[in-house]
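Working notes for the structure below.
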Amino acid sequence: MSKVSVIEVRTADQLKQFVKLPMDLYKNNPYYVPSFINDEINIWNPAENPALQYSESKQFLAFKDNKIVGRIAVIINHKEEKELGIRKVRFGWIDFIDDEEVSRALIQKAIEYAKEKNIDKIEGPMGFTNLDKAGMLIMGFDKLATMIGIYNHDYYPKHLEKLGMVKEKEWVEFEIVFPESLPDKIIKFNELITQKYQLKVLKFKTKEEILQYVDPMFDLLDETYKHLSTYTPISEEQRRTYKEKYFKLIDKDFIVCITDAGNNLISFAITMPSYSKALQKSKGKLLPFGWWHFLKAGRKNDRANFYLIGIHPDFQRRGVTSIIFKEIFDTFKKKGVKFLETNPELEENKSIQLLWQDYNPVNHKRRRTYSLTVGGND
């Protein structure tokens with residue numbers, strides 16, 4: 001039997017192999033959605049990824065019979081340790097063939113890295129920060145993946161559990177089929193809430209008009225999620241990077257912004273047409289023809305993804321989510337969108353899940369991170 005060997009990624013060619021491995025592993029899988037290859041490469045470039053200013057990381061490739069059969073990245077987020085007192089090695093970008101020897105060798109690298117740094121816990125899959133992809137799929141293997149969700153084979157969690165890893169966090173995702181019309185009571189309720197709190201729904205004529213609200217959106221994200229024990233505030237560098245990376249994909253009609261009587265942003269929601277099939281067709285590249293698939297997906301699409309929502313604590317549980325949904329409904333009606341898929345939501349984050357409760361949401365995906373106590377060196 002051939003032995004598994006694991007090497008650290010040190011060259012540009014090895015990094016490309018690291019990035020492209022999933023495309024080979026899921027070549028004939030109809031549910032896998034590739035990431036942009038250049039974006040994946042830039043994740044490991046300090047000039048492109050601000051999280052590397054306060055994090056350290058390594059990437060590894062596993063070989064068997066002279067073939068690449070797995071990969072894993074290990075990360076320590078020092079900002080998380082400093083601000084939250086959490087010391088752990090994050091592992092992510094983990095993929096492997098259905099071979100327990102391979103998965104064991106990869107996880108062993110994370111364990112060794114943790115012991116080397118005198119850290120007694122590993123957890124993953126997760127990225128550098130809260131805004132990165134996280135959570136191994138444990139339900140929904142026969143559902144099309146999204147741009148912001150990890151896809152993996154159904155044997156992945158079985159391998160980790162055999163290695164003694166246990167559930168750390170779990171996320172749920174929902175699919176909603178939009179009704180033909182909204183009940184009159186919902187429309188009247190929205191009118192009452194809008195008048196009572198003197199709220200205003202902003203209408204944007206151009207995408208550039210949104211720019212002035214981007215930083216307030218990030219502020220609202222911090223306010224909305226700061227009660228979660230694992231949340232760390234978004235840095236200025238991260239704000240700038242996410243703005244540059246994702247703003248070009250945003251459609252002004254798919255953004256809902258609500259202000260109060262003082263013109264302060266108190267809530268926002270971002271949805272986007274589903275680009276999953278466009279990414280599949282483009283094979284992770286915008287050039288030479290990938291951009292055309294994205295253009296078509298943005299113009300005509302019956303499916304959308306819910307990406308971000310922020311609601312100021314003073315306005316949570318006051319009916320603002322109903323206004324957001326009504327605005328989303330109006331946009332989707334005009335655009336011909338019939339299906340909405342939510343982003344991953346921590347299973348205990350009931351305040352966000354309340355947004356969907358009146359619209360027959362179907363929990364179609366679940367994902368979780370796994371952890372292991374390993375014991376650091378003395």
Side-chain angles (χ1 to χ4, degrees), residues 9 11-52 55 57 59 61 68 71-73 75 92-95 125-137 143-152 173 207 214 234 237-251 254 270-299 301 303-308 341 343-344 367:
V9 172
T11 69
D13 285 341
Q14 289 172 340
L15 182 57
K16 285 182 180 179
Q17 292 175 320
F18 179 90
V19 166
K20 291 183 176 181
L21 174 62
M23 295 184 183
D24 293 329
L25 198 59
Y26 298 99
K27 185 185 298 183
N28 299 314
N29 189 302
Y31 310 111
Y32 169 72
V33 172
S35 300
F36 284 121
I37 294 172
N38 286 340
D39 285 351
E40 286 292 297
I41 290 174
N42 286 338
I43 284 172
W44 312 103
N45 182 352
E48 298 288 343
N49 183 1
L52 285 168
S55 303
S57 66
Q59 308 88 43
L61 286 169
I68 299 175
R71 68 172 188 170
I72 192 171
I75 299 164
W93 289 268
I94 181 168
D95 287 288
M126 57 201 319
F128 289 84
T129 73
N130 306 90
L131 292 180
D132 292 330
K133 297 178 183 180
M136 181 172 284
L137 199 65
K143 307 297 181 184
L144 185 65
T146 66
M147 286 179 64
I148 58 172
I150 296 171
Y151 185 82
N152 54 264
E173 297 170 54
K207 186 187 289 189
V214 173
I234 304 166
E237 293 80 7
Q238 283 177 287
R239 293 183 182 211
R240 187 162 53 250
T241 299
Y242 289 124
K243 190 187 303 184
E244 293 171 357
K245 186 175 180 181
Y246 293 111
F247 188 73
K248 61 180 178 289
L249 294 174
I250 289 175
D251 184 327
F254 283 76
I270 297 177
T271 57
M272 286 201 287
S274 172
Y275 291 114
S276 295
K277 291 183 178 179
L279 270 167
Q280 286 181 330
K281 292 175 182 176
S282 67
K283 302 187 188 309
K285 298 178 180 179
L286 274 177
L287 298 174
F289 303 115
W291 63 271
W292 173 246
H293 298 302
F294 274 80
L295 190 63
K296 287 176 64 179
R299 287 178 175 174
N301 206 320
R303 181 173 292 272
N305 297 134
F306 197 101
Y307 279 85
L308 288 175
E341 185 170 359
N343 60 335
R367 59 184 70 248

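Because the structure is a prediction, the values reported are computed rather than measured.
For the pair Ile75/Trp93, a side-chain contact is recorded, criterion being any heavy-atom separation below 4.5 Å from C-beta on.
The shortest heavy-atom contact between Val33 and Ser276 is CG2-CB, 3.7 Å. Of all the heavy atoms in Pro125 and Ile94, the pair that sits closest is CB-CG2, 4.0 Å. Here the shortest heavy-atom pairing between Ser35 and Lys133 reads OG-NZ, 3.1 Å. Smallest separation of non-hydrogen atoms from Asn301 and Pro273: ND2-CB, 4.0 Å. In terms of heavy-atom proximity, Leu52 sits nearest to Ser57 at CD2-OG, 3.9 Å.
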Check against side chain to side chain contact (heavy atoms under 4.5 Å, CB included), Ile41 and Phe18: CA-CA 9 Å; Ile41 290 174; Phe18 179 90; over 6 Å; no
Criterion side chain to side chain contact (heavy atoms under 4.5 Å, CB included) on Lys20 and Ile37, from CA distance to verdict: CA-CA 7 Å; Lys20 291 183 176 181; Ile37 294 172; 4.1 Å; yes
Side chain to side chain contact (heavy atoms under 4.5 Å, CB included) between Asn305 and Met147, worked out: CA-CA 9 Å; Asn305 297 134; Met147 286 179 64; 5.9 Å; no
Worked verdict on Val9 versus Trp44 for side chain to side chain contact (heavy atoms under 4.5 Å, CB included): CA-CA 11 Å; Val9 172; Trp44 312 103; over 6 Å; no
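Once rounded to the nearest 0.5 Å, the distance linking CE of Met23 with NZ of Lys283 reads 9.5 Å. One distance of note links CD1 of Ile148 with OH of Tyr275; it measures 13.5 Å at 0.5 Å rounding. Rounding to the nearest 0.5 Å gives a distance of 11.0 Å between CD1 of Ile43 and CD of Glu48. Summarising the geometry, atom CG belonging to Asn45 is positioned 12.0 Å from atom CG belonging to Asp39; distances are rounded to the nearest 0.5 Å. The distance from the OH atom of Tyr151 to the CG atom of Leu144 is 9.5 Å, given to the nearest 0.5 Å. Distance check, rounded to the nearest 0.5 Å: OG1 of Thr271 to OH of Tyr307 gives 9.5 Å.
Remark: side-chain polar atoms of Arg367 are not paired, donor with acceptor, to backbone N or O of Pro344 under 3.5 angstrom. Remark: the backbone N or O of Pro30 is paired with a side-chain donor or acceptor of Gln280 at under 3.5 angstrom. Here the side chain of Asn152 pairs no donor or acceptor atom with the backbone of Met136 at under 3.5 angstrom. Looking at Asp95, its side chain never comes within 3.5 Å of a backbone N or O of Arg71 through a donor-acceptor pair. Under the 3.5 Å distance criterion, the side-chain polar atoms of Asp132 are matched with a main-chain donor or acceptor of Thr129.
The aromatic rings of Tyr26 and Tyr32 sit parallel to each other, their planes meeting at less than 30°, with 60° as the upper class boundary.
Residue Lys207 qualifies as enclosed at atom NZ: its count of foreign heavy atoms under 6.0 Å is above 12.
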